[in-house]
Protein chains: 2
Amino acid sequence: MHLSNTSKYTIRILANMVNHKDTTLISAKELSDNLKIPYKFLTKIMTELVRVGFIESIRGREGGYKFLRPASEITVGDILELFNDSIKDEECILGIDSCNAKQKCALHDKWIKSKIQLQKMFKESTIESIAAEGNKI
Amino acid sequence: MHLSNTSKYTIRILANMVNHKDTTLISAKELSDNLKIPYKFLTKIMTELVRVGFIESIRGREGGYKFLRPASEITVGDILELFNDSIKDEECILGIDSCNAKQKCALHDKWIKSKIQLQKMFKESTIESIAAEGNKI
DNA sequence: TTTAATTACTACCCTAAGGTAGAATTAAAT
DNA sequence: ATTTAATTCTACCTTAGGGTAGTAATTAAA
């Protein structure tokens with residue numbers, strides 16, 4: 001019961017970008033140093049984030065990354081969805097295909113309650129809020 | 001954000017065993033048929049459950065499996081622990097090493113709330129309760 | 001004693017996640 | 001023009017989860 005490393009890293013990378021002076025671009029090297037994420041692995045994630053349009057890259061000397069969509073409009077849920085980490089509405093926690101509101105498994109109701117709470121947290125947490133003053137990143 | 005297939009299967013296997021007439025043993029073949037879990041994969045799980053002492057096996061013709069510990073004393077949490085699927089207390093949802101009660105990540109408090117709720121559900125759900133009358137398995 | 005039905009053991013195979021390596025491309029600075 | 005600092009592309013490696021195959025061991029029934 002946990003998020004994938006890639007999701008976790010991605011959220012922290014984007015939050016770190018928010019806190020960088022946005023007059024300049026931030027490079028992969030700098031992010032890798034800040035977050036202690038292996039450089040090559042980080043660039044792989046960055047390329048994916050460029051591909052889906054969360055960020056933009058400028059190549060060549062003095063290049064780097066910057067947000068394309070504002071950090072206040074990218075949510076944790078968006079990231080989890082990108083890496084197939086989000087909690088699907090229909091998903092029974094015990095993996096029972098026929099479990100639904102009519103025919104419930106023993107955990108159905110409690111799981112729904114937790115699931116909604118988590119989904120709400122993921123949806124309401126923007127990258128901007130993750131990066132806000134006083135929060136550990 | 002999900003449980004491993006092995007954990008899900010295991011919970012359902014044990015619940016299925018509860019609902020079997022316990023005057024007789026239940027065989028891997030029967031469980032595999034009941035739950036549509038591939039026979040060979042199921043026997044692999046069963047051998048592990050024997051190894052850790054949840055169930056007992058009787059080999060040879062007319063053999064099969066039965067509970068060693070009562071189903072009312074095996075919890076979902078026990079199973080998740082066995083397959084490294086449980087939620088650790090210290091674990092930050094964003095994977096931040098230095099995140100703790102003093103220095104929190106943005107999701108810390110909300111995550112703790114959900115985490116406690118889930119841990120409680122896992123701890124309080126016995127195999128017996130999963131198998132109880134009226135529940136989908 | 002043989003046979004059939006059962007679990008256990010050993011050794012694989014496949015896929016995806018996580019991670020690494022090297023070279024190609026880009027563009028500013030010199 | 002050349003150098004340098006950056007991203008991107010392609011290809012690979014390693015590990016763990018999920019799953020399969022074959023065979024040995026066991027034991028009760030026939």
Side-chain angles (χ1 to χ4, degrees), chain A residues 1-13 17 20 23-68 79-86 95, chain B residues 1-13 17 20 23-68 79-86 95:
Chain A
M1 197 78 182
H2 59 279
L3 300 182
S4 68
N5 274 350
T6 308
S7 291
K8 292 178 187 172
Y9 283 156
T10 300
I11 294 163
R12 296 175 60 203
I13 289 167
M17 285 178 63
H20 182 258
T23 49
T24 59
L25 300 173
I26 187 163
S27 69
K29 180 169 188 323
E30 195 171 349
L31 285 169
S32 162
D33 286 348
N34 289 351
L35 294 164
K36 319 281 183 230
I37 300 174
Y39 176 78
K40 286 287 194 175
F41 183 39
L42 183 133
T43 60
K44 195 175 183 180
I45 293 175
M46 298 313 277
T47 303
E48 175 68 6
L49 296 179
V50 169
R51 195 187 64 76
V52 298
F54 287 155
I55 60 176
E56 181 181 13
S57 70
I58 284 82
R59 294 173 72 157
R61 185 163 178 163
E62 305 288 291
Y65 302 96
K66 68 175 185 189
F67 282 99
L68 198 53
I79 308 299
L80 302 193
E81 203 143 329
L82 179 59
F83 298 111
N84 292 312
D85 244 346
S86 55
Chain B
M1 197 78 182
H2 59 280
L3 300 181
S4 68
N5 273 351
T6 309
S7 290
K8 293 178 187 174
Y9 283 156
T10 301
I11 294 163
R12 296 175 60 202
I13 290 166
M17 285 178 64
H20 182 257
T23 48
T24 59
L25 301 172
I26 187 163
S27 70
K29 180 170 188 322
E30 194 172 349
L31 285 168
S32 163
D33 286 348
N34 289 350
L35 294 165
K36 319 283 183 227
I37 300 174
Y39 176 78
K40 285 287 194 175
F41 183 40
L42 184 133
T43 60
K44 195 175 181 180
I45 293 175
M46 299 313 278
T47 302
E48 175 67 6
L49 296 179
V50 169
R51 195 186 64 77
V52 298
F54 288 155
I55 61 177
E56 181 181 13
S57 69
I58 285 82
R59 295 172 72 156
R61 186 160 176 165
E62 304 287 293
Y65 303 96
K66 69 174 184 189
F67 281 99
L68 198 54
I79 308 299
L80 302 194
E81 204 144 326
L82 180 57
F83 298 113
N84 292 313
D85 244 345
S86 56

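In what follows, chains are A, B, ... by sequence order, proteins preceding strands, each numbered from 1.
Residues satisfying the side chain to side chain donor-acceptor pair (under 3.5 Å) criterion with Ser86(A), sequence neighbours excluded, are Lys88(A). Asn5(A) meets the side chain to side chain donor-acceptor pair (under 3.5 Å) test with no other residue; sequence neighbours excluded. The side chain to side chain donor-acceptor pair (under 3.5 Å) test applied to Ser7(A) returns Ser4(A), Asp85(A), not counting sequence neighbours. By the ring pair (Phe, Tyr, Trp, His ring centres under 6.0 Å) test, Phe41(A) is found to be paired with Tyr9(A), residues two or more places apart in sequence or in another chain being considered. Qualifying side-chain contact (heavy atoms from CB on, under 4.5 Å) partners for Leu68(A), counting only residues two or more places apart in sequence or in other chains: Glu56(A).
Nucleotide dA30(D) has dT1(C) as its partner under the Watson-Crick or G-U criteria, with both atom distances under 3.5 Å.
Of the residues in residues 50-60 of chain B, those with a non-hydrogen atom less than 4.0 angstrom from any atom of DNA chain D are Arg59(B), Gly60(B).
Taken from OG1 in Thr6(A) to CD1 in Ile79(A), the straight-line distance is 11.5 Å, to the nearest 0.5 Å.
Each of Arg61(A) and Thr47(A) was assigned the nucleotide of DNA chain D with the nearest heavy atom; the assignment lying further toward the 5' end belongs to Arg61(A).
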Can you give each donor-acceptor pair under 3.5 Å made by side-chain atoms of residues 42-50 of chain A, sequence neighbours left out, with the distance rounded to 0.1 Å?
residue: Thr43(A); atom: OG1; partner: Lys40(A); partner atom: O; Å: 2.9
residue: Thr47(A); atom: OG1; partner: Thr43(A); partner atom: O; Å: 2.9
residue: Glu48(A); atom: OE1; partner: Arg51(A); partner atom: NE; Å: 3.1
residue: Glu48(A); atom: OE2; partner: Arg51(A); partner atom: NH2; Å: 3.0

For a quick test of your reading: what N or O donor-acceptor pairs under 3.5 Å do the side chains of residues 58-67 of chain B make, sequence neighbours left out?
none

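Rounded to whole angstrom, the span from the CG atom of Leu25(B) across to the C1' atom of dT26(D) amounts to 14 Å. For the pair Ile13(A) CD1 and dT7(D) C1', the interatomic distance rounds to 15 Å; values are reported in whole Å.
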- Query: Nucleotide by nucleotide, 5' to 3', does protein get under 4.0 Å of the base (B), only the sugar-phosphate (S), or neither (-) in nucleotides 13-22 of chain D, counting heavy atoms?
  - Reply: -----SBBBB
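In this structure the side chain of Met17(B) reaches within 4.5 angstrom of the side chain of Ile55(B), judged on heavy atoms. Using a 4.5 Å heavy-atom cutoff, the side chains of Thr10(B) and Leu82(B) are not in contact.
Here the range on DNA chain C touched by chain B, meaning any atom under 4.0 Å from one of its heavy atoms, is dA4(C) to dC9(C).
As judged by a 4.0 angstrom heavy-atom cut-off over every strand, Thr43(B) is placed among residues making no nucleic acid contact.
Residue pairs meeting the ring-ring contact (aromatic ring centres under 6.0 Å, His included) criterion with at least one partner in residues 42-63 of chain A, sequence neighbours excluded, are absent.
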